[in-house]
Amino acid sequence: MTEPAATAPPRTPSPRAPSPGCPPPHPAPRAPRLRLPPGSCDAHCHVFGPADVFPYAPERTFTPPDAPKEQLRALHAHLGLTRAVVVQSSCHGRDHRVLLDALAAGEGGIRGVALIGEATGRAEAEELHRAGVRAFRLNFLPHLRSRPTGAEIDAVLERVDGLGWAAQLHVRGEDLPGLESVVRALPGRVVIDHMGRVDLGAGRDGPAVRCLRALLDTGAVWVKVSGVDRVSAQGPPYADAVELAASLVAYAPERVVWGTDYPHVNITGAAPDDGLLVDLLERIAPNPAHLQRLLVDNPAELFDFEPIR
């Protein structure tokens, strides 16, 4: 009798294999039709790894595909972007070596957003500032971490006191109205990521969108009109989210910035075409003066870039 073939044991996923929802970047983003103004800035992007050089945090909640600084630089050259703001990701935790490496390579053309915690010393915060960090991020999304407590926020504010950094908040639209008092209590400038990740199923005048406008009215809150692919309920070319972004730009053109969100982790489906995202700026900021503010003047003010010469 022939012995039955042995059944192979199930394979354990590699700890370095990208998590579900972390697809590779778009393989061939189109060359944008839109010619961007000189000094245009991608005000929200990430650098991941390479993990062999900059290991991911053991406590991370997701594993991205490697997306090193060289890959980001090549994309920006392709898209016509000359400045960038690299946001430290929770998958690297509070080990900022990957961010410091990107800032050093940027030669003044890159600014950073750090993840500061109670264990961060003042000396480290000052080192990050000298390297080009100009903001800290607070994550309120449950898939990234538990909500920061008031004590944690106070500790972060103490570490960065006097540095002039902005506070950058990553929140869900459904939670934004409940966090409005927290946002208003933060000192200095506050930036809301990805249009607050509002649920467009509630319409363009839902509670989260109304809250965004009320916060913009304070004069201290800025909104990143990035993440149209995350916010849209329709898919490419994301007409519903583009309409929302355009309305926010028209509402407060002096306090909006834009970014690709490259390389697009923790999403549903394939990564968006970054060339398309750039071309959508024609509809997000159809007024040339607003486009100049969105891509050049506003990020220069918010993140302390040198004037364009």
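Just so it is clear, the structure is predicted and the values come from calculations on it, not from any experiment.
A parallel orientation is assigned to the rings of W165 and H129, their planes being inclined by less than 30° (bins at 30° and 60°). By the 30° and 60° cut-offs, the orientation of the rings of H170 relative to H194 is perpendicular.
Contact check for E243 versus L200: no side-chain heavy atoms found under the 4.5 Å cut-off. Residues Y56 and P64 have side chains in contact (heavy-atom distance under 4.5 Å, counting atoms from C-beta outward). In this structure the side chain of D297 reaches within 4.5 angstrom of the side chain of Q292, judged on heavy atoms. Within the 4.5 Å cutoff, side-chain heavy atoms of Y251 are placed close to those of D217. The side-chain heavy atoms of R213 and D205, taken from C-beta on, include a pair separated by under 4.5 Å. A 4.5 Å side-chain heavy-atom check between I308 and R83 finds at least one atom pair inside the cut-off. Between R30 and D279 the shortest side-chain heavy-atom distance falls below 4.5 Å. The shortest side-chain heavy-atom distance between D101 and V53 does not fall under the 4.5 Å cut-off.
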request  = For the pair R197 and L141, evaluate side-chain contact (heavy atoms from CB on, under 4.5 Å) and give the outcome as yes or no after the intermediate values.
outcome  = CA-CA 10 Å; R197 298 180 65 131; L141 267 66; 3.6 Å; yes
message = Walk me through whether N266 and C22 qualify under side-chain contact (heavy atoms from CB on, under 4.5 Å).
response = CA-CA 5 Å; N266 296 317; C22 293; 4.0 Å; yes
task = Go through S40 and W258 one step at a time and tell me if the side-chain contact (heavy atoms from CB on, under 4.5 Å) criterion holds.
result = CA-CA 10 Å; S40 288; W258 170 90; over 6 Å; no
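Shown here for R122 and V160, the closest heavy-atom pair between the two residues is NH1-C, 3.6 Å. The minimum heavy-atom distance between H96 and A114, with the atom names listed, is NE2-CB, 3.4 Å. Smallest separation of non-hydrogen atoms from P37 and V296: CG-CG2, 4.0 Å. Shortest non-hydrogen contact noted between A241 and V228 is CB-O, 3.4 Å. Of all heavy-atom pairs spanning S226 and G259, the tightest one is CB-O, 3.3 Å. Taking every heavy atom of both residues into account, P272 and D229 meet most closely at CG-OD2, 3.6 Å.
D261 places no side-chain N or O within donor-acceptor distance of the main-chain N or O of G227, the cut-off being under 3.5 Å. The backbone N or O of A233 lies less than 3.5 Å from a partner atom in the side chain of D240, making a donor-acceptor pair. Between the side chain of R134 and the main chain of D304, no donor-acceptor pair closer than 3.5 Å is present. Side-chain atoms of T149 come within 3.5 Å of backbone N or O of E152 as a donor-acceptor pair.
Each of V231, L244, L281, L248 was scored for a side chain to side chain contact (heavy atoms under 4.5 Å, CB included) with V225, with one residue passing: L248. Exactly one of Q71, H76, H44 qualifies for a side-chain hydrogen bond (donor to acceptor under 3.5 Å, both in side chains) with Y262. That residue is Q71. Under the side chain to side chain contact (heavy atoms under 4.5 Å, CB included) rule, L138 has a single partner from V182, V183, I153, L115, which is I153.
Grouping Ile, Leu, Val, Met, Phe, Trp and Tyr by side-chain contacts under 4.5 Å, direct or through others, puts V257 with V85, V87, V113, V191, W222, L302, F303, F305.
Between L100 atom CG and F54 atom CZ the span is 9.0 Å, to the nearest 0.5 Å. Residue I192 holds its CD1 atom at 5.0 Å from CG of L169, rounded to the nearest 0.5 Å. Taken to the nearest 0.5 Å, the CZ atom of R159 stands 7.0 Å off from the OG1 atom of T120. For the atom pair R210 CZ and L215 CG, the distance stands at 13.0 Å (nearest 0.5 Å). Going from atom CD of Q88 over to atom NE2 of H46 covers 10.0 Å, rounded to the nearest 0.5 Å. Here the straight-line distance linking atom CZ of R293 with atom CZ of R255 works out to 9.5 Å at 0.5 Å rounding.
One side chain, T260 or D42, offers a donor N or O that lies under 3.5 Å from an acceptor on the other.
Connection of V190 to L163 is established within a shared hydrophobic cluster, with ILVMFWY side chains joined at heavy-atom distances below 4.5 Å, either directly or through further cluster members. Note on Y238: it does not cluster hydrophobically with I267, by side-chain heavy-atom contacts below 4.5 Å among ILVMFWY residues.
Q234 meets the side chain to side chain donor-acceptor pair (under 3.5 Å) test with no other residue; sequence neighbours excluded.
A salt bridge between R137 and D193 is present, with a side-chain N of the basic residue lying under 4.0 Å from a carboxylate O of the acidic one.
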